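The next block holds one structure in the form of C-alpha cells; read it before the comments.
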Amino acid sequence: MKHYIAQKAQEDFNKARGKATLGMILNYLSPERQELLSLQDVRDLLHPKGESYQGMKTVPLDRIIGSEGRYKDFNKAFLPRHEHVRNRWQSIDRAHISDIILPPIKLYEIGGVYFVRDGNHRVSVARHQGVYAIDAEVTSLTTEISLNPKMTIQDLKKAIIDYEKQDVFLKSELGRIISPHELSFTETGRIYELLRHIQGHKYFMNLDKKEEIPFVEAGRSWYRNLYRPIIQVIKRDKLHKRFPGRTPSDLYMWIIKHWHELKEKYGEDFSMEEAARNYAETFGTSWSNKIMNLLLRKRNQ
C-alpha cells in the first residue's frame, strides 16, 4: 500500500508538470496569462490602507490567484513549473491520498481574491485533485478596487488606472476643464500628478494677484496654454510613435518635466515645441532602433 501511494504521488506530479508545460506552450504568445501573481507586485500597485484578521474560512480554490513568496514555482492554475518542488509536492499528495488531515493554509485576501502566505504546495495538490475549496486562516488587506481571478498584472494596472480616473473626475472639478476621453495613461498615479501640475500652474498665476484664482479658471489656462499645445505637437509630429505602448497623455507628462529641465539649463526662451522634439529624439525609439531590436530578438531566440 505504501509503495502504491508513493507511485501514485509520483504519477500525479508528472501529470501536473505535463499540464504546466502544455499550458506554457499554448500560451507562448501571451505568457502573462500563465503567471501566478506576486503579492508584493499587487501591494505596490494597490497600496492597501490596512489589514484585519478574518479568522478561519473555507475559500474556493479558483479565487486563489497568487502567492507571497512562491509565485515563480507555480503557474496561474497552481501547477508546478519546476522539478525542485517535486519532493514537497509529492509528500503533500501522499498525505491527500492517505486521507491525512493537514493544517489549514494561510492566505491574504485583497479585493475579493486570495494570495498564499503559507501552503502553496497544498493549494497545488488540492487543485490537481479537483478539490473545490480549502480551509484557510485569512488576513484581509483593505482596498476599494475589486479583483477577479482571471486578472494579469497588466489587467490589474488598467483597473487601477480606470479607478483613479473615475475617482478624480468624481471628486474634483477636472471635468469642467478637460474631457475624460482626452486623458489616457498607462501607469498608475499619473492623473494625480496631473492635478498637481494644474495646482502648480494655479500657484504661479496667483503670484501677482490679490484674490485667489479659482481652480477651474487656472485649469482652463493650463489646458489652453500647456496641455493642448503639447498634445497638438505630439500628434502633428507623431512623436508618440517613438514610444510604443504609450499614449500622448503619457508623453505630455514626460515632456513638461523635460521642458522645465531644459529651461533651467538653457534659459526661459527654450520653446515648448523644441522641448517636445528634443525629448522624443533623446528618449524615443527610432525606426532603425526598432528594426535592430527586432533582429536581435530573432537572433537570440
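Basis for what follows: all heavy atoms, side chains included, without hydrogens, waters or symmetry-related copies. Every value quoted in this text rests on a predicted model; they were computed, and no experiment measured them.
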Donor-acceptor contact present, side-chain Lys165 to main-chain Ser184, <3.5 Å
no
For residues Asn148 and Val113, determine if any side-chain heavy atom of one lies less than 4.5 Å from a side-chain heavy atom of the other.
no
Centroid separation under 6.0 Å, is that true for the rings of Tyr71 and Phe78?
no
Taking the side chain as C-beta and beyond, is there a heavy-atom pair between Leu147 and Leu156 under 4.5 Å?
yes
Take Glu211 and Asn206 through the side chain to side chain donor-acceptor pair (under 3.5 Å) test and state the conclusion after the steps.
CA-CA 8 Å; Glu211 295 184 359; Asn206 273 319; over 6 Å; no
Salt bridge Asp155-Lys150, side-chain N to carboxylate O under 4.0 Å:
no
Residues Val125, Trp89; criterion side chain to side chain contact (heavy atoms under 4.5 Å, CB included); working and verdict
CA-CA 7 Å; Val125 169; Trp89 197 98; 3.5 Å; yes
With a 4.0 Å cut-off on N to O distance, would you call Arg190 and Glu187 a salt bridge?
no
Are Arg236 and Glu273 ion-paired here, with the side-chain N under 4.0 Å from a carboxylate O?
yes
Side-chain ion pair, Glu11 and Lys8, N-O less than 4.0 Å:
no
To the nearest 0.5 Å, atom CD1 of Ile213 lies from atom CE of Met205 at 4.0 Å
Look at atom CG of Asp44 and say whether more than 12 heavy atoms of other residues, nucleotides or ligands are closer to it than 6.0 Å.
yes
Heavy atoms only: give me the nearest Thr58-Pro60 pair and the separation to one decimal.
O-CD, 3.9 Å
Nearest heavy atoms of Tyr252 and Ile231, plus distance in Å:
CB-CD1, 4.1 Å
Regarding Glu212 and Lys202, does a basic nitrogen lie under 4.0 Å from an acidic carboxylate oxygen?
yes
In terms of heavy-atom contacts, does OH of Tyr266 have more than 12 from other residues, nucleotides or ligands at under 6.0 Å?
no
dist Leu37:CG -> Thr152:OG1 (nearest 0.5 Å) comes out at 7.5 Å
Kindly indicate, with the supporting measurements, whether the criterion side chain to side chain contact (heavy atoms under 4.5 Å, CB included) is fulfilled by Arg176 and Phe215.
CA-CA 10 Å; Arg176 297 177 60 190; Phe215 174 79; over 6 Å; no
Transitive ILVMFWY side-chain link Leu195 to Ile256, under 4.5 Å
yes
Do Met56 and Pro104 have side-chain heavy atoms sitting under 4.5 Å apart?
yes
Tyr108, Tyr114: one ILVMFWY side-chain cluster at the under-4.5 Å cut-off?
no
I'd like to know whether CD1 of Ile100 has more than 12 heavy-atom contacts from other residues, nucleotides or ligands below 6.0 angstrom.
yes
Assess the residue pair Glu193 and Met253 against the criterion (side chain to side chain contact (heavy atoms under 4.5 Å, CB included)); give the C-alpha distance rounded to whole Å, side-chain angles, the decisive distance to 0.1 Å, and a yes or no.
CA-CA 8 Å; Glu193 187 179 348; Met253 303 298 289; 3.5 Å; yes
Answer whether the closest heavy-atom distance between the side chains of Glu164 and Thr188 falls below 4.5 Å.
yes
May I ask whether Val168 and Leu45 are part of the same hydrophobic cluster, defined by side-chain heavy atoms of I, L, V, M, F, W, Y residues being less than 4.5 angstrom apart, directly or through others?
no
With a sphere of 6.0 Å drawn around CZ of Arg88, does it hold more than 12 non-hydrogen atoms of other residues, nucleotides or ligands?
no
Does any N or O in the side chain of Gln54 come within less than 3.5 Å of the main-chain N or O of Val138, such that one atom is a donor and the other an acceptor?
no
Atom pair OH/CG of Tyr223 and Leu174 - distance to nearest 0.5 Å
11.0 Å
Is it true that Asn27 and Glu32 share a donor-acceptor pair across their side chains at a distance under 3.5 Å?
no
Working to the nearest 0.5 angstrom, can you tell me the gap between Asp73 CG and Leu79 CG?
13.0 Å
Is the shortest side-chain heavy-atom distance between Lys19 and Asn75 below 4.5 Å?
no
Using a distance-only test with no angle check, is there a side-chain donor-acceptor pair under 3.5 angstrom linking Thr285 and Arg242?
no
Any luck finding a side-chain donor-acceptor pair between Glu182 and Ser179 under 3.5 Å?
no
Hey, mind stepping through Leu141 and Arg43 against side chain to side chain contact (heavy atoms under 4.5 Å, CB included) and telling me if it holds?
CA-CA 9 Å; Leu141 303 176; Arg43 276 181 180 270; 3.8 Å; yes
What is the minimum heavy-atom distance between Ile178 and Phe169, and which atoms define it?
O-CE2, 3.4 Å
All heavy atoms of Ala95 vs all of Leu102, minimum pair found to be CB-CD2, 4.0 Å
Please state whether the rings of His258 and Phe283 are parallel, tilted or perpendicular, taking 30° and 60° as the class boundaries.
perpendicular
For residues Ile105 and Ile134, determine if any side-chain heavy atom of one lies less than 4.5 Å from a side-chain heavy atom of the other.
yes
Just checking, is any N or O donor in the side chain of His201 or Ser221 under 3.5 Å from an acceptor N or O on the other one?
yes
Centres of the Trp222 and Tyr227 rings: under 6.0 Å?
yes
Nearest-0.5 Å distance that lies between atom OG1 in Thr139 and atom CG in Leu107
9.0 Å
Separation between NZ of Lys106 and CG of Asn120, rounded to the nearest 0.5 Å
13.0 Å
Partner of His84 under side-chain contact (heavy atoms from CB on, under 4.5 Å), chosen from Arg86, Arg81, His82
His82
Aromatic ring centroids of His128 and Phe13 under 6.0 Å?
no
Taking it one step at a time, do Glu144 and Lys49 satisfy salt bridge (charged side-chain N to carboxylate O under 4.0 Å, His left out)?
CA-CA 9 Å; Glu144 296 175 355; Lys49 299 174 182 177; 3.3 Å; yes
Any idea which heavy atoms bring Gly111 and Thr143 closest together, and the distance?
N-CG2, 3.6 Å
For Phe115 versus Ser67, what's the shortest heavy-atom pair and its separation?
CD2-N, 3.7 Å
Quick check on Tyr53: does its OH atom have over 12 non-hydrogen neighbours (other residues, nucleotides or ligands) under 6.0 Å away?
yes
I'd like to know if the side chain of Glu274 and the backbone of Ser271 have a donor-acceptor N/O pair within less than 3.5 Å.
yes
Is it true that, when you exclude Glu261 itself, more than 12 heavy atoms of the residues, nucleotides or ligands shown sit nearer than 6.0 Å to its CD?
yes
State, with a plain yes or no, whether a side-chain heavy atom of Lys158 is found less than 4.5 Å away from one of Gln154.
no
Tell me whether the NZ or CZ atom of Lys263 lies within the 45° cone about the ring axis of Trp259 and under 6.0 Å from its centre.
yes
Under 3.5 Å, is there a donor-acceptor pair between the side chain of Ser30 and the main chain of Arg33?
no
Any ion pair linking Arg94 and Asp12 (charged N to carboxylate O, less than 4.0 Å)?
no
Student check: side-chain heavy atoms of Ile191 and Phe185 closer than 4.5 Å
yes
Between Gln10 and Asn14, is a side chain to side chain donor-acceptor pair (under 3.5 Å) present by the stated rule, with each step listed?
CA-CA 6 Å; Gln10 185 176 11; Asn14 291 340; 5.6 Å; no
